[in-house]
Amino acid sequence: MSSRPRRTPEETAAFRAGLAVGLATTAYGVSFGALATLSGLDIWQTCFLSLVMFTGGSQFALIGVLASGGIAAGPSAITSAGLLGVRNVFYSIRMSPLIGPGFWRRAAAAQVTIDESVAVAVAQPTPSAQRVGFWVTGILIYLGWNVTTLIGALIGDLLGDVSAYGLDAAAAAAFLGLLWPRLKQRQTQAVAVGAAFVATLLTPFLTPGLPVLVAAVVAIVVGAFNLLGGKEERA
Amino acid sequence: MSAWNIVILASVVCVALKVLGYLIPPRAFEHPTVSRIANLLTVALLAALIAVQTLGAGQSIAVDARVPAVLVAAGLYALRVPFVVVVIVAAAVAAGIRAFT
């Protein structure tokens with residue numbers, strides 16, 4: 001393929017960005033694998049989630065709800081994972097014209113459409129660099145995340161009791177890490193505080209898993225009326 | 001509903017959502033209110049999960065070693081400490097408090 005044109009500087013930069021983000025993200029897989037097995041899933045179920053579901057927020061949500069509510073909280077766990085996956089629809093729409101035609105290419109693109117691959121892609125200046133950023137980040141994380149999930153699952157399987165090791169706190173810290181980069185605007189901060197408050201308040205009254213779903217209403221209300229959005233908010 | 005049912009059903013839902021975006025015409029979801037709600041939905045769910053994971057104990061509220069652990073985690077994120085390190089430190093803080101109380 002020596003006739004193939006050399007990579008542009010933009011594509012090289014996109015490749016490097018994908019590499020950096022990919023390697024950093026891959027390491028989270030260990031925490032997911034360990035927490036998943038400690039939430040009651042076996043190693044195969046844990047690996048299945050990383051292979052098929054492959055969207056970190058939803059994966060953590062599913063095991064978080066199962067850890068607190070057990071198998072009985074299954075419907076809430078599925079709904080939480082699904083609602084957290086809704087943002088991927090918007091990522092897919094954004095990436096769709098960039099990926100181009102071809103069933104297998106689009107199917108592969110759908111599977112690696114996640115926060116990180118889309119974030120790296122949209123940060124690039126040219127369409128070709130965006131494509132490089134998307135594929136490098138997505139494929140690297142897909143491979144790495146699955147390897148580290150397996151490692152984490154094996155570690156979790158050896159560890160045993162959750163609370164003795166502080167892994168329940170680790171799960172909360174993991175969610176916080178996913179939330180942290182999204183707290184830049186006043187509106188998202190208000191929604192975060194409101195949702196946390198609602199979920200805590202409802203915990204004694206609803207079966208485990210449901211408070212999290214009801215808290216999502218805060219996002220719908222604030223989003224529909226664009227409260228605290230737009231220009232400067234009132235003091 | 002078995003654990004496998006839950007795992008498979010939730011995975012199918014999440015994959016379907018990703019595929020959906022590649023099937024529908026781009027215009028359908030362009031409304032700013034819709035994309036704003038989708039973004040805020042992610043924030044609300046994560047925040048609610050943090051609250052329940054930190055304070056929930058089955059169907060009741062308990063303030064224990066998890067609270068200082070999460071506060072330490074927040075401080076470390078503010079200092080831009082990497083995710084993996086923060087998660088390990090949070091586990092260590094909670095485990096440490098439990099060992100000495």
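Numbers restart at 1 for each chain; the letters A, B, ... are given by sequence-line order, proteins then strands.
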field: A:S58, part contacting chain B, at a heavy-atom distance under 4.5 Å
entry: side chain
message: Are there over 12 heavy-atom neighbours, none belonging to A:R182, within less than 6.0 Å of that residue's CZ?
response: yes
- prompt: Just by modelled atom types, is the B:T42 backbone N or O under 3.5 Å from a matching donor or acceptor in the A:R87 side chain?
  reply: no
message: Less than 4.5 Å to any heavy atom of chain B: does that hold for the side chain of A:A107, its backbone, both, or neither?
response: neither
- prompt: If every non-hydrogen atom of A:A224 is compared with every non-hydrogen atom of B:T33, which pair is closest and at what distance?
  reply: CA-CG2, 3.9 Å
- prompt: Checking heavy atoms, do the side chain of A:I99, its backbone, both or neither come under 4.5 Å from chain B?
  reply: side chain
- request: With a 4.5 angstrom heavy-atom cut-off, could you sort out which part of B:A3 is near chain A: side chain, backbone, both or neither?
  value: both
- prompt: For the side chain of B:Y77 and the backbone of A:A173, is there at least one donor-acceptor N/O pair under 3.5 Å apart?
  reply: yes
- request: Please state whether the side chain, the backbone, both or neither of A:T203 comes within less than 4.5 Å of a heavy atom of chain B.
  value: both
message: For the CZ atom on A:F197, are there more than 12 heavy atoms of other groups (residues, nucleotides or ligands in this structure) within a distance under 6.0 Å?
response: no
query: In Å, rounded to the nearest 0.5 Å, how long is the span from CD1 of A:I220 to CG of B:L40?
result: 10.0 Å
query: What residue in B:Q59, B:Q53, B:M1, B:R66 has the most heavy-atom pairs under 4.5 Å with chain A?
result: B:Q59
query: Are any side-chain N or O atoms of A:S92 and backbone N or O atoms of B:K18, one a donor and one an acceptor, separated by less than 3.5 Å?
result: yes
message: Please confirm whether the ring centroid of B:W4 lies under 6.0 Å from the ring centroid of A:F48.
response: yes
- request: Would you give the length of the straight line joining atom OH of B:Y22 to atom CD1 of A:I93, rounded to the nearest 0.5 angstrom?
  value: 10.5 Å
field: Part of A:Q59 within contact of chain B (heavy atom distance under 4.5 Å)
entry: neither
query: Contact part of A:I114 toward chain B, heavy-atom cut-off under 4.5 Å: side chain, backbone, both or neither?
result: side chain
statement: Answer key: most heavy-atom pairs under 4.5 Å with chain A among B:V87, B:L49, B:V15, B:I37 is B:L49
